[in-house]
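A short worksheet on the structure shown next.
What you see below is based on every heavy atom in this structure, not just the backbone, and it leaves out hydrogens, waters and symmetry mates.
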Amino acid sequence: MDINQIASVATSLASAQTSDSVNMLVLKKALDSQAAAAVGMLQALPQLLANPNIGRNVNTTA
């Protein structure tokens with residue numbers, strides 16, 4: 001095996017590792033963002049259901 005090939009393989013592996021690390025960080029940020037959005041929606045839910053009489057009756061004569 002030639003020295004140039006070894007250097008090329010090492011550079012490729014380092015580049016792949018860096019790319020994988022960046023991809024994982026982006027994925028973690030996206031998951032954190034989704035979790036924050038879900039928490040916000042769940043916290044807003046009790047405010048929407050503050051009046052228990054809303055949504056229980058259907059006006060069929062209108």
Side-chain angles (χ1 to χ4, degrees):
M1 194 176 233
D2 189 21
I3 300 269
N4 291 331
Q5 289 176 341
I6 294 172
S8 175
V9 169
T11 303
S12 296
L13 289 175
S15 176
Q17 184 178 9
T18 302
S19 176
D20 288 346
S21 297
V22 169
N23 288 338
M24 288 301 294
L25 287 174
V26 170
L27 177 62
K28 287 179 182 180
K29 291 259 186 198
L31 289 174
D32 290 343
S33 174
Q34 295 265 331
V39 167
M41 289 174 56
L42 290 175
Q43 288 176 347
L45 189 61
Q47 295 171 358
L48 296 175
L49 301 176
N51 189 348
N53 295 322
I54 294 178
R56 291 188 178 223
N57 300 326
V58 177
N59 186 356
T60 57
T61 59

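For the atom pair D20 CG and L25 CG, the distance stands at 11.0 Å (nearest 0.5 Å). Taking OG1 from T11 and CD1 from I6, the interatomic distance works out to 11.5 Å, rounded to the nearest 0.5 Å.
When atom types are taken as modelled, the side chain of S33 and the backbone of K29 share no donor-acceptor pair closer than 3.5 angstrom. Within the 3.5 Å criterion, the main-chain N or O of S8 finds a donor-acceptor partner in the side chain of S12.
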